[in-house]
Amino acid sequence: MIEHIIFTFLFLLRLSLLARGSALTTAISANERLCFYADVDKAGEKIGFYFAVQSGGSFDIDFDVKDPNQKVLLDGERERQGDYVFTANTVGEYAFCFENDMSTLTEKLIDFDIMVESEPRRDPPAKAGQISEHTSALEESIFRLNGMLMNIKRTQKHFHTRDNRGFSIVHSTQNRLFWYAIFESLAVVGMAVFQVYVLQTFFTKTGRRYKV
């Protein structure tokens with residue numbers, strides 16, 4: 001029992017060390033190109049790339065992903081969000097770039113996550129007579145739990161994106177209604193002043209006088 005607990009702790013520690021990533025939020029100005037980089041230490045590692053436009057314009061952005069040889073692995077235009085996983089076949093620095101070319105004034109706010117992870121391999125039993133059935137079942141349970149946690153994380157990101165976009169739309173609508181109300185009030189006041197001026201001119205206008 002103690003051996004299983006120790007193995008579980010070591011395996012979880014190994015699994016946490018095999019995955020490394022960064023979750024960031026950045027603002028991209030109009031006509032700006034912004035790139036982020038992730039290092040891959042050995043060929044065959046998995047790279048997860050997620051992004052979502054939280055606010056700005058039509059909630060879209062151009063993006064591309066390049067390997068260390070400047071080969072384009074992924075790209076897209078006017079994308080609102082994306083979730084990709086691919087295998088890194090080349091060791092080196094991978095570039096993840098966003099470009100806000102379609103906007104002339106609007107700034108875009110983007111959440112993105114870059115995850116580089118290695119697939120853990122099962123080690124043979126330390127002792128020749130050791131039974132690995134329980135170990136294998138434990139590994140499978142841990143991987144299933146890890147997959148469920150990743151699904152929960154993606155769902156949280158999805159709802160977070162929807163919440164931010166909804167707030168941005170409401171804020172934009174409030175601004176438009178505010179300025180529309182200001183314009184309407186000024187138009188009503190201007191029309192009232194114009195009507196008073198016309199009536200004043202009509203009643204104070206002097207005509208010609210004739211003697212009978």
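Quantities reported herein were computed from a predicted structural model and do not represent experimental measurements. Just so it is clear, the values below take in all heavy atoms, side chains as well, and ignore hydrogens, waters and symmetry mates.
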Any heavy-atom pair between the side chains of Phe86 and Leu73 that's under 4.5 Å?
yes
Under the ring-ring contact (aromatic ring centres under 6.0 Å, His included) test, residues paired with Phe36 that sit two or more places apart
Phe112
What pairs with Arg33 under salt bridge (charged side-chain N to carboxylate O under 4.0 Å, His left out), at least two apart in sequence or on another chain?
Asp64, Glu99
Minimum heavy-atom distance Ile110-Ile28, with the two atoms named
CD1-CD1, 3.5 Å
side-chain hydrogen bond (donor to acceptor under 3.5 Å, both in side chains) partners for Thr87, two or more places apart
Lys46
In Å, rounded to the nearest 0.5 Å, how long is the span from OG1 of Thr26 to NZ of Lys108?
13.0 Å
Side chain to side chain, Thr90 and Asn69, heavy atoms closer than 4.5 Å
yes
Going hydrophobic residue to hydrophobic residue with side-chain gaps under 4.5 angstrom, can you get from Leu74 over to Phe96?
yes
Residue pair Gln70 / Lys66: nearest heavy atoms and the distance that separates them
OE1-CD, 3.6 Å
Pair Gln54, Asp111: side-chain N/O donor-acceptor within cut-off below 3.5 Å:
yes
Residues two or more places apart in sequence or in another chain: which of them pass ring-ring contact (aromatic ring centres under 6.0 Å, His included) with Tyr84?
Phe63
Could you give all pairs that pass the disulfide (SG to SG under 2.5 Å) test and reach residues 49-90, with sequence neighbours left out?
none
The salt bridge (charged side-chain N to carboxylate O under 4.0 Å, His left out) partners of Asp83 (sequence neighbours excluded) come to Arg154
Under a 3.5 Å distance rule, please check whether Asn100 uses its side chain to pair with a backbone N or O of Glu32 as donor and acceptor.
no
Contact check, side chains of Ile114 and Tyr94, non-hydrogen atoms, under 4.5 Å
no
Could you list the cluster mates of Leu177? Members are the ILVMFWY residues connected by side-chain heavy atoms closer than 4.5 Å, either directly or through other members.
none
Ignoring hydrogens, what is the shortest heavy-atom contact between Asp62 and Arg78? Give both atom names and the distance.
OD1-N, 2.8 Å
Does Asp67 have any side-chain hydrogen bond (donor to acceptor under 3.5 Å, both in side chains) partners at least two apart in sequence or in another chain, and if so, which?
none
List, by chain and number, the other hydrophobic cluster members for Val72, where Ile, Leu, Val, Met, Phe, Trp and Tyr join if side-chain heavy atoms come within less than 4.5 Å, directly or indirectly.
none
Salt bridge (Lys or Arg N to Asp or Glu O under 4.0 Å): pairs with one or both residues in residues 68-77, sequence neighbours excluded:
none
Chi angles and distances behind the side-chain contact (heavy atoms from CB on, under 4.5 Å) call for Val85, Ile47:
CA-CA 6 Å; Val85 177; Ile47 298 180; over 6 Å; no
Mind jotting down which residue pairs meet the disulfide (SG to SG under 2.5 Å) criterion with at least one end in residues 27-69? Sequence neighbours excluded, please.
Cys35-Cys97
Sidechain-backbone polar pair: Asp60 side chain, Glu79 backbone, donor-acceptor under 3.5 Å
no
I'd like to know whether the aromatic ring centres of Phe49 and Phe51 sit less than 6.0 Å apart in this structure.
yes
Which pairs pass disulfide (SG to SG under 2.5 Å) with one or both residues in residues 170-201, sequence neighbours excluded?
none
List the atom of Val116, the atom of Ala38, and the distance in Å for their closest heavy-atom pair.
CG2-CB, 4.1 Å
